[in-house]
Amino acid sequence: MASQASNHPLKHVCPHILSLLSKLHNQSAAQEAHLTWDDFEPGTVDEKMRDKFIAIEQDKAYFLYQMGLATGAKTIVETGTSYGVSTIYLALAVAANVEATGGPGKVIATEHEPAKARKAREHWNACGSSVHNLIELREGDVKATLKHELGTVDMLLLDIWGPLLLPVLKLVQPALRPGAVIITDNTISAAEHCKELLDYMRAPESGFRSLTLPFNNGLELSVYQPGNAQ
Ligand SMILES: C[S@@+](CC[C@H](N)C(=O)[O-])C[C@H]1O[C@@H](n2cnc3c(N)ncnc32)[C@H](O)[C@@H]1O
């Protein structure tokens, strides 16, 4: 179970949520022990990952939570959602920000596998209303479900197959607020799959500032500064 030591980022979170998160991370890690990068090749990835969590690792999830707090994020978009593990961390950050400064908040989650969407809802319901009330799950192809009504987006998690990364960023980009944070998983180990996205964000006049963080397999932290694009 996750520690609640005084330097733990989730020290204020209910123990039953921490227990659930630890259980889900363990289930995900057990499945991943049998996967290789070949399983993520476009063409067969959907079929091979249909019943897999492939949840973001726990240390990265803590980082997501901290970034949510640091940016005061009240609208976060997540692509994709799978069984809803990362979504819980994002919702906890939005809940803390709403509690601190008021106003509405939400996490827009996205998943196209109906069985995964069902399971994700079960996990959010098990956390309780403070989590599940903040999550709006958009079921279906993310290229369609993120086309409308995003509001002003403070933070975007890109945790989806390589060919979707840039199209999804371009869909959300008009809704990103100046200073919005974009976090992309596995940008070292899946560098080839992320190339199109990273070339776009790293271009001199893109409006994005990007930094690869040395988490396992890499994690890209990008900041959107559209008025300062040189
Ligand atoms: C790496 S997993 C997400 C893991 C999740 N962020 C977590 O940490 O718990 C990527 C998910 O994206 C979903 N996905 C892939 N293509 C999609 C599409 N076109 N539209 C919506 N979801 C999609 C997959 O079904 C998969 O569950």
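Order of appearance sets the numbers: ligands from 1, and atoms from 1 within every ligand.
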Proximity to ligand 1 by part of His112, non-hydrogen separation under 4.0 Å: both
Top protein contact for atom 20 (N) of ligand 1, by heavy-atom distance: Val142 N, 2.9 Å
Flag if over 12 foreign heavy atoms under 6.0 Å of CD, Glu196: no
Pairs touching residues 25-58 that satisfy ring-ring contact (aromatic ring centres under 6.0 Å, His included), sequence neighbours left out: His25-Tyr89, Trp37-Phe40, Phe53-Tyr83
Close approach, Gly140 and ligand 1, non-hydrogen under 4.0 angstrom: yes
Carboxylate-amine/guanidinium proximity below 4.0 Å for Glu220 and Arg202: yes
Per-atom contacts, ligand 1 versus Asp159 - under 4.0 Å to a heavy atom: 1 (C), 2 (S), 3 (C), 4 (C), 5 (C), 6 (N), 7 (C), 8 (O), 10 (C)
Test item: side-chain donor near acceptor, Asp46 and His112, under 3.5 Å: yes
Interfacing atoms of ligand 1 (cut-off 4.0 Å, heavy-atom, Glu113): 25 (O)
Glu113 and Lys119: CA distance, side-chain angles, deciding distance, salt bridge (Lys or Arg N to Asp or Glu O under 4.0 Å) verdict: CA-CA 10 Å; Glu113 293 290 349; Lys119 210 70 195 154; over 6 Å; no
For atom 19 (N) of ligand 1, closest protein heavy-atom neighbour: Asp141 OD1, 3.0 Å
Trp161, portion touching ligand 1 at heavy-atom distance under 4.0 Å: side chain
Basic-acidic side-chain contact under 4.0 Å: Lys106, Glu136: yes
Ligand 1 N/O within reach of Ile56 N/O, cut-off under 3.5 Å: yes
Atom of Ser210, atom of Met201 and distance for their closest heavy-atom approach: OG-CE, 4.1 Å
Which residue and heavy atom of the protein sit nearest atom 7 (C) of ligand 1, plus the separation: Ser86 OG, 3.1 Å
Leu10 CG to Tyr65 OH distance, which is reported to the nearest 0.5 Å: 5.5 Å
Closest to atom 11 (C) of ligand 1 among Lys52, His123, Glu111, Lys143 (heavy-atom distance): Glu111
Residue portion contacting ligand 1 (non-hydrogen atoms closer than 4.0 Å) for Thr81: backbone
Met49 and ligand 1 - part of the residue with a heavy-atom distance under 4.0 Å: neither
